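Take a look at the structure set out below.
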Amino acid sequence: MRKTNNMTAYRESLRQRILDTAMMFFKKRGIKAVRMDDIATEMAISKRTLYEIYSNKEDLLYECVRNENEMLMRKLTDYAMTAENEMAVVAYFIKLRLKDLGSINPLFFTEMDKYERIVRFFRTNNARQTARSQEFVRKGIEHGFFRRDINYDIINMMGDAAMNHVMRTRMYEKYKLNDIFHTFIIVFLRGCCTEKGLAYLDKFVEDN
């Protein structure tokens with residue numbers, strides 16, 4: 001029994017290391033340029049071992065995306081439990097995304113559109129996150145950080161349209177992804193904030 005538990009723990013640890021290594025390569029090089037051989041070589045494991053866990057690159061990519069999303073949500077949830085207010089959570093999210101986007105090859109996003117399974121995942125996940133954000137916004141309004149006179153469903157749709165435009169027009173070839181995100185989030189967010197929310201946001205921008 002102990003041996004079985006040890007093997008299970010090892011296999012789970014190996015699976016997570018594969019996801020971490022693969023995602024690092026996908027973000028750095030883009031999806032198309034990464035081979036399963038590259039991942040196995042980097043990890044000093046056999047290709048057979050890798051293929052026993054993930055039978056093809058698309059399955060591996062899907063799990064990488066799903067795993068990263070789960071980790072991000074876990075970080076935000078954990079942080080929100082002790083954060084002083086909703087604006088602190090927003091600021092924390094911005095920090096995480098700016099740090100991540102600063103090291104991503106734009107090809108990672110453009111090439112991901114070719115994988116229908118992953119596109120469906122993002123579509124479903126966005127719908128789920130929109131439902132969660134409604135409660136978050138409600139609390140932010142209640143605590144005086146977000147304006148009451150805004151339709152936040154429209155804001156969400158406008159945000160999606162803006163980011164789709166960034167990808168479609170390849171704006172990232174002229175500007176860095178983290179600069180685009182910073183500009184986008186600050187402009188949209190400022191429009192949603194009350195004076196109290198703006199004071200918190202401006203302090204965050206000044207400090208960072």
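Here the structure is a predicted model, which is why all the values come from computation and not from measurement. All values below were derived from every heavy atom in this structure, side-chain atoms included, with hydrogens, water molecules and symmetry-related copies excluded.
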Notebook entry, point to check: Is a salt bridge present between Glu142 and Lys139, judged by a nitrogen-to-oxygen distance below 4.0 Å?
Noted result: no

Checklist line | Electrostatic pair Glu63:Arg66 at N-O distance under 4.0 angstrom | finding: yes

Any side-chain heavy-atom pair of [X] and [Y] under 4.5 Å:
X	Y	answer
Phe146	Tyr152	yes
Leu101	His182	no
Leu177	Phe181	no
Ile155	Val137	no
Met87	Cys193	yes
Ile141	Thr194	no
Val90	Glu86	no
Thr49	Leu14	yes

Same apolar cluster: [X] and [Y], side chain cutoff 4.5 Å:
X	Y	answer
Ile150	Leu198	no
Met171	Val187	no
Phe122	Leu60	yes
Met81	Tyr92	no
Met71	Ile118	no

For [X] against [Y], the heavy-atom pair lying closest together:
X	Y	value
Cys64	Leu19	SG-O, 3.6 Å
Lys196	Gly144	CB-O, 3.5 Å
Arg190	Leu201	CG-CD2, 3.5 Å
Val89	Ala83	CG2-CB, 3.8 Å
Gly159	Phe184	CA-CZ, 3.7 Å
Ala88	Tyr79	O-CE2, 3.5 Å

So, taking the atom named [atom1] in [X] and the one named [atom2] in [Y], what distance separates them when rounded to the nearest 0.5 Å?
X	Y	atom1	atom2	result
Asn126	Asn156	CG	CG	9.0 Å
Asp149	Cys192	CG	SG	10.0 Å
Arg138	His143	CZ	NE2	8.0 Å
Ile185	Asn178	CD1	CG	13.5 Å
Glu70	Thr77	CD	OG1	11.5 Å
Ile18	Ile39	CD1	CD1	8.5 Å

[Y] backbone acceptor or donor facing [X] side chain under 3.5 Å:
X	Y	answer
Asn69	Val65	no
Asn125	Phe121	no
Ser133	Phe136	no
Ser13	Ala9	no

Note to self: I'd like to know whether CE of Met158 has more than 12 heavy-atom contacts from other residues, nucleotides or ligands below 6.0 angstrom.
What the structure shows: no

Check: Within a reach of under 6.0 Å around CD of Glu116, are more than 12 heavy atoms found that belong to other residues, nucleotides or ligands?
Finding: yes

Report, one line per pair, each donor and acceptor closer than 3.5 Å where one atom sits in a side chain of residues 22-36; sequence neighbours left out.
from  : atom 1 : to     : atom 2 : distance (Å)
Lys27 : NZ     : Glu68  : OE1    : 2.5
Lys27 : NZ     : Glu68  : OE2    : 3.2
Lys27 : NZ     : Asp100 : OD1    : 2.8
Lys27 : NZ     : Asp100 : OD2    : 3.2
Arg29 : NH1    : Asp38  : OD2    : 3.3
Arg35 : NE     : Asp38  : OD1    : 3.4
Arg35 : NH2    : Asp38  : OD1    : 3.0

Note to self: Show, in sequence, the C-alpha distance, side-chain angles and deciding distance for Glu12 and Arg15, and conclude whether the salt bridge (Lys or Arg N to Asp or Glu O under 4.0 Å) test is met.
What the structure shows: CA-CA 5 Å; Glu12 178 57 28; Arg15 186 191 71 84; 2.8 Å; yes

Checklist line | side-chain contact (heavy atoms from CB on, under 4.5 Å) between Tyr62 and Arg120, worked out | finding: CA-CA 11 Å; Tyr62 177 81; Arg120 286 198 307 270; over 6 Å; no

Note to self: Evaluate Glu84 against Tyr200 for side-chain contact (heavy atoms from CB on, under 4.5 Å), listing each step before the verdict.
What the structure shows: CA-CA 12 Å; Glu84 59 180 328; Tyr200 195 103; 3.0 Å; yes

